[in-house]
2 protein chains.
Amino acid sequence: MRIGDLAEKSGLSTDTLRYYEKIGLLPKPLRDAGGRRVYDETILRWIDFLARLKSTGMGISKRQQYAELRTKGAASLKARRTMLEEHRRKVSEDMAALTEMLTVLDEKIDLYKKMEAGETVDPAFDNCARTEHGAPPGLKGRTDDNRTGEGSHADPET
Amino acid sequence: MRIGDLAEKSGLSTDTLRYYEKIGLLPKPLRDAGGRRVYDETILRWIDFLARLKSTGMGISKRQQYAELRTKGAASLKARRTMLEEHRRKVSEDMAALTEMLTVLDEKIDLYKKMEAGETVDPAFDNCARTEHGAPPGLKGRTDDNRTGEGSHADPET
DNA sequence: TTACAGGTTGGAGCGCACTCCAGGTCAAGC
DNA sequence: GCTTGACCTGGAGTGCGCTCCAACCTGTAA
């Protein structure tokens, strides 16, 4: 398997594959007689896991760290597990934030629908600044000023 | 409220606040006699929502788009709602990916624990490359070569 | 044998999202 | 009056994560 094939199978560009190799995310592959990289199918498993780490918010430097540990074989099992456990915590925190955002969006979309329908909506119901449980401190539900008629009155982003 | 106070309350740096203003994420605030920015508390609601959009994966250019719509008042309600609905889809997709990653991590962490305990584990149970439902096509569970004794045999990342 | 697709290297360039800095202004307190 | 600290502007610099490029090499097929 040459780099072009791997690019196709992995979804990464050849440039990216070489870049990942350069920064140590991918192990240096064997070369054929002409000096071209030759890959084993198994590299796809690793690339896939790397992609998953990336898409769930692990940056390059952490992935580099993990990749370096990986090259050390069984001696690094514990260290790798620790990194994975840490990442697990991060992922589950991110999920909580996303869950909350879904609620915020749903409420906001609903508010917009009502406003589009011409209903007068109390801006106190606007959720754009709410924190985990209710509105942040120091903010009143109503803005009270600039309620000078159509246009800005009851805008969900005021 | 001056920019320093807002920085403290919002958690953004004064540089970032000015930067956000420059690129249109934040409306141009009033100035005092000395030319210094003066903010209304209500800006915090907007900053908070922007932060939420950002932390749930909306990039600057989309946020700029949204912010620009916001300046157009009621006329842009529908367009804004459309953007929010689109973002909602993205967020819920991201959540699905995170959920899946949690499973992958849990299985992998478990595998590591077993290996640390010295158990011989069949690499077929390794999940690092699995797709939505099972292992990707074209990959055997076992690698078969380089099983030359301790160290690389049954490594979860081979 | 010559065209051509696909590979090699090193290094430059880019878009995002800030972050920092120089050199200046302004207002309050001593 | 003078210092101090917060603020101002424009612009340069940074780190991440690629992406592109020039110049060259290799193997195959017409």
Side-chain angles (χ1 to χ4, degrees), chain A residues 1-41 43 46-68 83 87 90 94 97, chain B residues 1-41 43 46-68 83 87 90 94 97:
Chain A
M1 204 190 191
R2 296 199 315 207
I3 199 168
D5 309 316
L6 182 58
E8 204 172 326
K9 289 193 191 179
S10 68
L12 299 176
S13 70
T14 57
D15 274 323
T16 301
L17 289 170
R18 280 188 285 256
Y19 167 68
Y20 277 9
E21 181 186 328
K22 193 161 85 182
I23 65 168
L25 286 186
L26 298 181
K28 300 199 173 199
L30 297 172
R31 302 293 181 122
D32 68 12
R36 289 174 299 200
R37 292 168 176 82
V38 176
Y39 296 95
D40 191 294
E41 294 273 341
I43 193 73
W46 173 233
I47 290 174
D48 202 86
F49 187 62
L50 279 176
R52 222 180 260 279
L53 287 174
K54 182 192 166 185
S55 78
T56 54
M58 187 184 283
I60 271 196
S61 62
K62 276 273 167 67
R63 277 178 285 151
Q64 277 174 308
Q65 244 183 74
Y66 191 82
E68 210 208 314
M83 285 193 75
H87 189 56
K90 191 186 171 302
D94 288 353
Chain B
M1 203 190 193
R2 295 197 316 206
I3 199 168
D5 309 317
L6 181 57
E8 204 173 327
K9 288 192 190 178
S10 68
L12 299 176
S13 71
T14 56
D15 274 324
T16 301
L17 288 170
R18 279 187 287 256
Y19 166 68
Y20 278 8
E21 181 186 328
K22 192 161 87 183
I23 65 169
L25 286 185
L26 298 181
K28 300 200 173 197
L30 298 171
R31 302 292 181 120
D32 67 13
R36 290 175 300 197
R37 292 167 177 82
V38 176
Y39 296 94
D40 191 294
E41 294 273 340
I43 193 71
W46 173 234
I47 290 175
D48 201 86
F49 187 60
L50 279 177
R52 221 180 261 280
L53 288 174
K54 183 192 166 186
S55 79
T56 55
M58 187 184 282
I60 270 196
S61 61
K62 277 273 166 66
R63 277 178 285 152
Q64 276 175 308
Q65 245 182 73
Y66 191 82
E68 210 206 315
M83 285 193 74
H87 189 57
K90 193 186 168 301
D94 289 353

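The figures that follow rest on heavy atoms only: side chains count, while hydrogens, waters and symmetry mates do not. In the text below, chain A, chain B and the rest are named by the order of the sequence lines, each starting its count at 1.
L26(B) places its CG atom 14 Å from the P atom of dA17(C), with the value rounded to the nearest Å. Rounded to whole Å, the distance from CG on L30(A) to P on dT8(C) is 13 Å. Put simply, CD1 on I23(B) is 8 Å from P on dA17(C), counting in whole angstrom units. One can place CG of L17(B) at 11 Å from P of dC18(C), the figure rounded to the nearest angstrom. Rounded to whole Å, atom C1' of dT9(D) lies 17 Å from atom OH of Y19(B). L53(B) places its CG atom 16 Å from the C1' atom of dA17(C), with the value rounded to the nearest Å. Going from atom CG of L6(A) over to atom C1' of dG6(C) covers 15 Å, rounded to whole Å. Between E21(B) atom CD and dC7(D) atom C1' the separation is 13 Å, expressed in whole Å.
Aromatic ring pairs are classed by plane angle as parallel below 30°, tilted from 30° to 60° and perpendicular above 60°; the pair F49(A) and Y66(A) is tilted.
Contact check, Y20(B) against dA17(C): no side-chain N or O comes under 4.0 Å of OP1 or OP2. Distances shown here put every side-chain N or O of R31(B) at or beyond 4.0 Å from the OP1 or OP2 atom of dC26(C). For the OP1/OP2 pair of dT19(D) and a distance below 4.0 Å, the side-chain nitrogens and oxygens of T16(A) include at least one atom meeting the criterion. Note on K22(B): every side-chain N or O is 4.0 Å or more away from OP1 and OP2 of dA17(C). Applying the 4.0 Å criterion to OP1 and OP2 of dA17(C), one finds that K62(B) has every side-chain N and O outside that range. Look at R36(A) and you won't find any side-chain N or O under 4.0 angstrom from OP1 or OP2 of dT9(C).
More than 12 heavy atoms of other residues, nucleotides or ligands lie within 6.0 Å of CD in Q64(B), so this atom counts as buried by the packing criterion.
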Show, in sequence, the C-alpha distance, side-chain angles and deciding distance for R18(B) and D15(B), and conclude whether the salt bridge (charged side-chain N to carboxylate O under 4.0 Å, His left out) test is met. CA-CA 5 Å; R18(B) 279 187 287 256; D15(B) 274 324; 3.8 Å; yes
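Side-chain atoms of A33(B) lie closest to dA27(C) of the nucleotides dC18(C), dG17(D), dA27(C). When the nucleotides dC21(D), dG7(C), dC21(C) are ranked by their closest atom to the side chain of D15(A), dC21(D) comes out on top.
For the pair D5(B) and S61(A), nearest-nucleotide mapping onto DNA chain D gives the more 5' position to D5(B). Map I60(B) and R18(B) each onto its nearest nucleotide of DNA chain C; the residue landing nearer the 5' end is I60(B).
R37(A) comes within 4.0 angstrom of the backbone, heavy atoms only, and of no base. Counting any heavy atom pair closer than 4.0 Å across all strands shown, R2(A) reaches sugar-phosphate atoms only and no base atom.
Side chain of E68(B) to main chain of G24(B): no donor-acceptor pair is present (N/O by atom type, distance under 3.5 Å, no hydrogens or angles).
To the nearest 0.5 Å, atom CG of residue L12(B) and atom CG of residue D48(B) are 9.5 Å apart.
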